[in-house]
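Lettering of chains follows the sequences in order, A, B, ..., and the numbering in each one begins at 1. Every value quoted in this text rests on a predicted model; they were computed, and no experiment measured them.
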Amino acid sequence: MPLSPDSLGVPASIAGSRPRVRFAPSPTGYLHVGGARTALFNWLYARHYRGTLILRIEDTDAERSTPEMVEGILQGMRWLGLNWDEGPFFQTDRVETYRGVAATLLASEHAYYCFCSKEDLEIRRAQATAEGRPPRYDGTCRNISSEEAARRKSGGEAAVVRFKVPQSGSTAFDDAVFGRVEFANAEVEDFVLLRSDNGPTYHLSVVADDIKMRITHVIRGADHISNTPKQVMIYEALGVPMPIFAHVPLILGPDKTRLSKRHGATSVLAYREEGIIPEAFRNFLALLGWTAPEGTPEILGDERLISLFDLNAISRSDAVFDRAKLDWFNTEYIRSYPSEKLLPLIEEEWAKAGIKNQIHDRQSLLATIELLKPRARSLKDFATSLRAFFTDDFETDPAATAKFLKDESVRQILIELAQRYETCDDFSEPGMEKLLRDLAAEKNVKAGALINGARVALTGQGVAPSLFAVMMALGKDRTVKRLKEIPF
RNA sequence: GGCGGGUUCGUCUAGGGGUCUAGGACACGGCCCUCUCAAGGCCGGUACACGGGUUCAAAUCCCGUACCCGCUACCA
């Protein structure tokens, strides 16, 4: 694959080298659809430019981060097939680094100690809001001399470290998706870098790590746009070149509000449970906020996705998660996957459902899957509605029985049909069809009535492929047996 | 409230002054096919948030309004 030059104006310091990107989830929740899409974009970008994807766990919020969530995120990444090249790194392992950066900022007077208590701040914020003033930090400790601060600090007084935000001017950055974004510095408060427990806040740790890990492109959710100037200020204070920022629009629920538990699946792993093929999910997610060049079909396997993906085609507006379209991608992938490729995925479904496949001949098994593929919407179907093709241990759908087998005479004719099948020596599609149609004519019933009834008897479902193809898939013995033993 | 961003069919989007009586995909409706259900084939409806400008000409540029989203923490 030829490497195209980065069209985004990579700074000279970075140009020529491979991009290093990172996915940096916070283990305070599952890997949800939005996070997954961000991870995917990073992955696609890294793979497109043959760069490096780093996985970094931002677990500096001790209150809310849990090991279970870390595990869930890793599982989600693995299921999605988003392999990373470095990490996972945990920010809690790196607090010394952050303290070092904070010390640097303190020393250069870009930061200062603040002794205001959380409670005081709370009160002042409430007051400010009540008086119609913006609830920003009021700078009480901003002018405490470094000597006094050091004295109070060593005297055991609790303090946080705040960044000294310039009081005038503005801070801007060129976003690869949104273009130039500018904020008045007066709008930015002196934010906290180091908490009173000496732990870093997000702004400190991201910047420190992105520098340390030599990140070239920060591809993350648009919810971080408003925070970016703070980070830009840190880069500037440190005199370190900035990465390129690329903020990707959010994914919303069908009601156009932020995607949440209310909208169903929280964790991407829920889609594994629903029988979604990872590659289909990737394809679907990629097209949520990113558009392939005009004329490109929407079914884009990994290879094409990787070769086509770039930051400049990312949309600026939020996208609504459309489950129906996901399902469409899934059916397309099921249909396009060769049975050999589908088989292991289907076997997982059987394992989950406790199904023991009874088709031991591999060729027959693959042929059966081939027959069923066009009708499956989900991998799960192979363990539910299509179960009867693989095991005798299946149940018959009462609704199907009520619709096609309510007539006792049909049942009787099917038993007769079974007898004819049993004694015939040419078990073939046309052969079986002829026997059935002849019998229908003899009994003066519509062939369709027998066909539909037989379908329910053979598959337990009112919906299945062409009946005679079904018979071939089941084989003579099972076909005869099931026709004879129609359940009520 | 302040700040930032967004707004083209129900959804994802194309389009970036004339080629737009606005294109594609999913979804939806109808017909055909038919042994069920899909699939497939054919046909169809539906969109430039609103109001002002600028211009010979605006979905496309500017301003305002509305609505939506985000941020506004010792969360990330």
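With a cut-off of 3.5 Å on both Watson-Crick or G-U wobble distances, the partner of B:A73 is given as none. In this structure, B:U36 forms no base pair with any nucleotide, since neither Watson-Crick nor G-U wobble geometry is met with both distances under 3.5 Å. B:C9 makes up no base pair with any nucleotide shown, lacking Watson-Crick or G-U wobble contacts both under 3.5 Å. When both pairing distances are held under 3.5 Å, B:G64 makes a Watson-Crick or G-U pair with B:C50.
What separates CD1 of A:Ile225 from P of B:G4 is a distance of 12 Å, to the nearest Å. With rounding to whole Å, A:Trp328 atom CH2 is found 12 Å from B:A39 atom P. Look at CG on A:Leu250: it is 14 Å from P on B:U7, rounded to the nearest Å. Rounded to an integer number of Å, the gap from A:Glu332 CD to B:C12 C1' is 16 Å. Between the CG atom of A:Asp318 and the C1' atom of B:U13 there is a distance of 14 Å, given to the nearest Å. Straight-line distance from the NZ atom of A:Lys230 to the C1' atom of B:C3: 11 Å, rounded to whole Å. In this structure, A:Glu370 atom CD and B:A39 atom C1' are separated by 14 Å, rounded to whole Å. If you take CZ of A:Arg316 and C1' of B:C68, they are 17 Å apart, rounded to a whole angstrom.
The local environment of CD in A:Glu442 is crowded, with over 12 non-hydrogen atoms from other residues, nucleotides or ligands closer than 6.0 Å. For A:Glu131, the CD atom counts as densely surrounded, since its 6.0 Å shell holds more than 12 non-hydrogen atoms of other residues, nucleotides or ligands.
At the phosphate of B:U11, OP1 or OP2 sits under 4.0 Å from a side-chain N or O atom of A:Lys256. Contact check, A:Arg136 against B:U72: no side-chain N or O comes under 4.0 Å of OP1 or OP2. Distances shown here put a side-chain N or O of A:Arg437 below 4.0 Å from the OP1 or OP2 atom of B:C35. The phosphate of B:C74 (OP1 or OP2) has a side-chain N or O of A:Arg125 nearer than 4.0 angstrom. Contact between the side-chain N/O atoms of A:Thr331 and the OP1/OP2 oxygens of B:A39 is not found at any separation under 4.0 Å.
Donor-acceptor pairing under 3.5 Å, judged by distance alone, is present between the side chain of A:Ser466 and the base of B:C35. No hydrogens or angles were tested; on distance alone, nothing pairs the side chain of A:Lys118 with the base of B:A73 as donor and acceptor under 3.5 Å. Evaluation of atom-type donor-acceptor distances gives no pair under 3.5 Å for the side chain of A:Glu187 against the base of B:G4. Taking 3.5 Å as the limit, the base of B:A76 and the side chain of A:Asp59 contain no donor-acceptor pair of atoms between them. Between the side chain of A:Ser226 and the base of B:C3 there is no donor-acceptor pair of N/O atoms closer than 3.5 Å.
A:Glu182 comes within 4.0 angstrom of the backbone, heavy atoms only, and of no base. Among the heavy atoms of the strands, none lies under 4.0 Å from A:Glu433.
Taking the six-membered ring where the residue is Trp, A:Phe163 and A:Phe191 present parallel rings, their angle staying beneath 30° rather than reaching 60°. Taking the six-membered ring where tryptophan is involved, the planes of A:Tyr235 and A:Phe245 are perpendicular, since the angle between them exceeds 60° and thus also 30°.
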